[in-house]
Amino acid sequence: MNERQQTCLLEKDELYPRCAALRCDGYRLVQIGCTRTGSGCEINYTFDKNYVFLNLRIACAAGCAIPSIQKVYECAYIYENEIAELFGLTFDNMLIDFKGELYKTAVKKPFASDSQEQEAESCPKK
């Protein structure tokens, strides 16, 4: 059996309001996954309601901050901390922040892009 699902591409400033609307509509957070791309990272947020999956996808340049969704989905704290620590991304307004101490790894930010430091300098500030 294949579950029905849809993927929506969003800008990062659309993420929090969309997640808040999903929460009000009864969706549960299933997972948040991150992968490196040539120009930074892609983050996929998966939600479920009545066995219908909805994926929200944002692309972000390395070093740019992503809005935390912990205020509407508290369980997102583990995903956001993991992504921050392993990929070197930053989440704004995290309620629970392990500050890079969630995992003990031999290499800090093992999945961060090699040019992350340079790209972070060119990221527009709020």
Side-chain angles (χ1 to χ4, degrees):
M1 178 175 150
N2 292 328
E3 290 84 8
R4 294 180 316 176
Q5 56 183 301
Q6 174 184 12
T7 299
C8 300
L9 305 177
L10 301 178
E11 296 296 322
K12 68 178 186 169
D13 60 340
E14 298 174 291
L15 179 66
Y16 185 86
R18 185 69 182 267
C19 290
L22 290 173
R23 177 65 181 227
C24 288
D25 198 26
Y27 280 81
R28 70 182 182 95
L29 177 64
V30 175
Q31 68 88 34
I32 303 173
C34 184
T35 190
R36 280 179 55 179
T37 63
S39 60
C41 290
E42 182 177 271
I43 304 175
N44 290 286
Y45 297 77
T46 304
F47 300 88
D48 165 67
K49 181 178 178 184
N50 300 323
Y51 302 106
V52 176
F53 291 96
L54 174 63
N55 302 289
L56 303 181
R57 182 175 295 162
I58 62 170
C60 53
C64 291
I66 299 111
S68 171
I69 65 166
Q70 290 181 35
K71 288 183 181 176
V72 289
Y73 289 99
E74 291 177 12
C75 62
Y77 82 92
I78 197 74
Y79 298 113
E80 291 178 351
N81 276 279
E82 178 179 65
I83 292 168
E85 191 166 324
L86 299 179
F87 289 86
L89 298 177
T90 303
F91 288 87
D92 283 338
N93 302 314
M94 291 174 68
L95 299 176
I96 300 171
D97 186 352
F98 285 94
K99 303 197 183 308
E101 298 297 321
L102 179 62
Y103 293 117
K104 302 297 181 209
T105 57
V107 176
K108 289 285 186 187
K109 304 174 189 171
F111 303 123
S113 69
D114 298 332
S115 60
Q116 184 170 9
E117 304 265 331
Q118 295 157 347
E119 291 175 16
E121 293 173 6
S122 65
C123 182
K125 305 290 183 212
K126 286 187 175 184

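One is the number of the first residue; the rest follow in order along the sequence. Small disclaimer: the values here were computed from a predicted structure and weren't measured.
- Atom CG of residue D97 and atom CD of residue E85 lie 10.0 Å apart, to the nearest 0.5 angstrom.
- A distance-only check finds no donor-acceptor pair linking the side chain of E42 to the backbone of R57 [under 3.5 Å].
- In summary, E101 and K104 engage in a salt bridge, as defined by a charged side-chain N under 4.0 Å from a carboxylate O.
- Proximity of a side-chain donor or acceptor of Q6 to a complementary backbone N or O of C8 within less than 3.5 Å is not detected.
- The closest side-chain heavy-atom distance from I58 to Y45 is below 4.5 Å.
- Once rounded to the nearest 0.5 Å, the distance linking CG of L15 with CG of L10 reads 6.5 Å.
- At a threshold of 4.5 Å between non-hydrogen side-chain atoms, the residues L102 and I78 count as touching.
- Looking only at distances, a side-chain donor or acceptor of N81 sits under 3.5 Å from a matching main-chain atom of Y77.
- Although no hydrogens or angles enter the test, the distance criterion places a donor-acceptor pair under 3.5 Å between the side chain of K12 and the main chain of A65.
- Interatomic distance, CD of E82 versus CG of L89, reported as 12.0 Å (0.5 Å rounding).
- Put simply, CZ on F87 and SG on C34 are 4.0 Å apart, with the number rounded to the nearest 0.5 Å.
- The number of heavy atoms from other shown groups lying within 6.0 Å of CD (E74) does not exceed 12.
- For the atom pair OH (Y79) and CD (Q31), the distance works out to 6.5 Å, reported to the nearest 0.5 Å.
- Of all heavy-atom pairs spanning V30 and F53, the tightest one is CG2-CE2, 4.0 Å.
- C60 is listed as a side-chain neighbour of I43, based on a closest heavy-atom distance under 4.5 Å.
- Residues D48 and Q5 form no side-chain contact, since every pair of their non-hydrogen atoms from C-beta on lies 4.5 Å or further apart.
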Go through the steps for Y16 and N93 under the test side chain to side chain contact (heavy atoms under 4.5 Å, CB included), then give the verdict.
CA-CA 11 Å; Y16 185 86; N93 302 314; over 6 Å; no
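- Side-chain rings of F47 and Y73 approach one another, their centers coming within less than 6.0 Å.
- Atom OG1 in T7 sits 7.0 Å away from atom CG in N44 (nearest 0.5 Å).
- Using modelled atom types, one side-chain atom of Q70 and one backbone atom of I96 make a donor-acceptor pair closer than 3.5 Å.
- Looking at F91 and I69, their side chains never come closer than 4.5 Å, going by heavy atoms from C-beta outward.
- When all heavy atoms are compared, the tightest approach of M94 to S68 is CA-OG, 3.8 Å.
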Does I83 form a side chain to side chain contact (heavy atoms under 4.5 Å, CB included) with I66? I'd like the steps, not just the answer.
CA-CA 11 Å; I83 292 168; I66 299 111; over 6 Å; no
